[in-house]
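Here the structure is laid out as structure tokens; the discussion comes afterwards.
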Amino acid sequence: MDMQALLDDIAEAVAPKLGEGRVADYIPGLGRVDAEQFGIAVAMADGGVYGSGDWRRPFSIQSISKVFSLALVLSSGGVRIWQRVFREPSGTPFNSLVQLEHENGIPRNPFINAGALVVTDQLQTMTGDAGGAVRDFLRRESENPTIGVNQTVADSEAAHGHRNSAMAHMLASYDNLDNPVETVLEHYFSHCAMEMSCQDLALAGRFLSRNGVGASGRQLLTPSQNKRINAVMLTCGTYDAAGEFAYRVGLPGKSGVGGGIIAVVPGRCTICVWSPALSLSGNSLAGVAALDEFTTRTGWSVF
Ligand code: GLN
């Protein structure tokens, strides 16, 4: 297969869709990007990296960071996380508060905001610097030491973070936070505001397609832990559109409101797509369309 030609073709095929949907502006620092950008990168499990469009342009990774914070907690033996967070799709928006009270402060899964706050809390207890731990992991795995936080985006999210703050206080009221609410929010906003390109993210997530084996050849996660992260991505990685994503793409995936999505073809590759305009459920419209094209043309899916 000519991967480069395939990616160029996909970029061309989704071009008419660019700008459809809406850029997330509930975080004002995110709302200023050009909606018509598009990038796609593929990091093959056995080496090569391919890309097309704006695949080297950094963007705000937002909720994609939740995969890496969960991987770090699990790789350091933090199985206690599964007593603090469930593993079921929520069927509600990523920032919904309603379910959390109904279910006594145990979030539905680690990829909605409430669940990710608990994961960040546990990582903070384990490392003393959850945001820094995620940043260092991303730098190491993508072999790009320049990756860092866009402080304007992090500050903007903090200034407009009333829902996340309400969620964190709700978790604390159920004794499901070990650290102060302010500390957990600061580190959560910091890992969400990390900026990376499609190339960086496809590389950083390559271990997910390699049974947990990272860039240096080190086993970051056991094959069993790795399988489980992919399973939670498939069922919960794109919020209340996870069913539609499984139907159209057929791969474990994780989206962020910056317009990025990573998707994993076990044993073959990790893909990252990016285009800032989102569907109502908060997933990149052109990004999902590109992944749909990719799995339809290659036949690479888990089904
Ligand atoms: N930082 C964003 C938030 O907490 C992440 C949401 C997302 O990407 N879905 O609202």
Side-chain angles (χ1 to χ4, degrees), residues 61-88 90 94-95 97 99-101 103-141 147-149 151 153-155 157-158 161-194 204-205 207-208 212 214 218-222 224-226 228-229 231-233 236-237 254 256:
I61 71 171
Q62 293 298 318
S63 283
I64 300 174
S65 61
K66 296 170 183 174
V67 173
F68 302 105
S69 51
L70 179 64
L72 277 167
V73 163
L74 292 176
S75 71
S76 318
V79 282
R80 184 172 79 94
I81 196 67
W82 297 127
Q83 281 145 36
R84 305 178 62 192
V85 182
F86 295 124
R87 304 181 286 258
E88 289 297 342
S90 67
F94 62 84
N95 58 0
L97 273 156
Q99 216 165 36
L100 192 58
E101 184 173 21
E103 300 188 353
N104 301 314
I106 307 290
R108 267 296 171 100
N109 67 67
F111 293 153
I112 52 172
N113 289 11
L117 286 165
V118 173
V119 174
T120 301
D121 177 59
Q122 192 154 323
L123 190 57
Q124 179 66 17
T125 302
M126 292 165 105
T127 63
D129 178 10
V134 173
R135 181 202 55 220
D136 293 347
F137 181 91
L138 293 171
R139 285 181 177 173
R140 230 178 11 251
E141 288 306 305
I147 287 168
V149 174
Q151 204 51 48
V153 171
D155 293 346
E157 181 159 8
H162 301 299
R163 291 186 79 86
N164 283 323
S165 172
M167 244 171 254
H169 281 286
M170 179 85 88
L171 290 164
S173 81
Y174 284 102
D175 278 334
N176 201 3
L177 283 190
D178 295 334
N179 296 282
V181 161
E182 295 68 29
T183 308
V184 175
L185 287 171
E186 179 197 328
H187 286 269
Y188 171 79
F189 294 146
S190 148
H191 68 64
C192 286
M194 221 64 81
F207 69 96
L208 294 165
R218 196 164 64 90
Q219 194 80 45
L220 302 175
L221 294 174
T222 66
S224 164
Q225 290 169 328
N226 194 68
R228 289 177 168 156
I229 291 189
V232 182
M233 286 171 72
C236 310
K254 182 74 206 84

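Keep in mind it's a predicted model, so treat the numbers as computed, not measured. Positions are given from 1 along the sequence. Just so it is clear, the values below take in all heavy atoms, side chains as well, and ignore hydrogens, waters and symmetry mates.
- N179 and D121 form a side-chain donor-acceptor contact under 3.5 Å, judged by distance and modelled atom types alone.
- Atom CG of D178 is separated from atom CE of M126 by 11.0 Å, given to the nearest 0.5 angstrom.
- A distance-only check finds a donor-acceptor pair linking the side chain of K254 to the backbone of G237 [under 3.5 Å].
- Between the CD atom in E186 and the CG atom in D155 there is a gap of 10.0 Å [rounded to 0.5 Å].
- Here the side chains of V232 and P110 are in contact, with some heavy-atom distance below 4.5 Å.
- Taking the side chain as every heavy atom from C-beta outward, S90 and N109 approach each other to under 4.5 Å.
- Minimum interatomic distance between C192 and E157 (heavy atoms only, all atoms of both residues): CB-OE1, 4.1 Å.
- Residues S190 and V134 fail the side-chain proximity criterion, which asks for heavy atoms closer than 4.5 Å.
- Looking at R135, its side chain never comes within 3.5 Å of a backbone N or O of G148 through a donor-acceptor pair.
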Would you sort out whether D129 and D136 count as a side chain to side chain contact (heavy atoms under 4.5 Å, CB included), showing the intermediate values? CA-CA 11 Å; D129 178 10; D136 293 347; over 6 Å; no
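- The environment of CZ in R228 is sparse: at most 12 heavy-atom neighbours from other residues, nucleotides or ligands sit within 6.0 Å.
- When every heavy atom of A172 is checked against every heavy atom of L177, the shortest pair comes out as N-CG, 4.2 Å.
- The aromatic rings of F68 and F137 are tilted relative to each other, their planes meeting at an angle between 30° and 60°.
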Decide side chain to side chain contact (heavy atoms under 4.5 Å, CB included) for R163 and N113; before the verdict, give the C-alpha distance in whole Å, the side-chain angles of both, and the deciding distance to 0.1 Å. CA-CA 10 Å; R163 291 186 79 86; N113 289 11; over 6 Å; no
Using the rule given for side chain to side chain contact (heavy atoms under 4.5 Å, CB included), can you reason through V67 versus F111, listing the C-alpha separation, both sets of side-chain angles and the distance that settles it, and then say yes or no? CA-CA 7 Å; V67 173; F111 293 153; 4.1 Å; yes
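- Rounding to the nearest 0.5 Å gives a distance of 4.0 Å between OG of S69 and NE2 of H191.
- A distance of 12.0 Å separates CD of Q122 from CG of L72, quoted to the nearest 0.5 Å.
- Pairing each heavy atom of G105 with each of L171, the nearest pair is O-CD2, 3.5 Å.
- Residues M194 and V149 come closest through the heavy atom pair SD-CG2, 3.6 Å.
- Annotation: the span from Q99 atom CD to E88 atom CD amounts to 10.5 Å, rounded to 0.5 Å.
- With a 4.5 Å cut-off on side-chain heavy atoms, L185 and L117 count as touching.
- Distance check, rounded to the nearest 0.5 Å: NZ of K66 to OH of Y188 gives 3.5 Å.
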Could you check Y174 against L100 for side chain to side chain contact (heavy atoms under 4.5 Å, CB included), going step by step and ending with a plain yes or no? CA-CA 10 Å; Y174 284 102; L100 192 58; 5.8 Å; no
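- Residues T120 and V184 share a closest heavy-atom pair of CG2-O, 3.9 Å.
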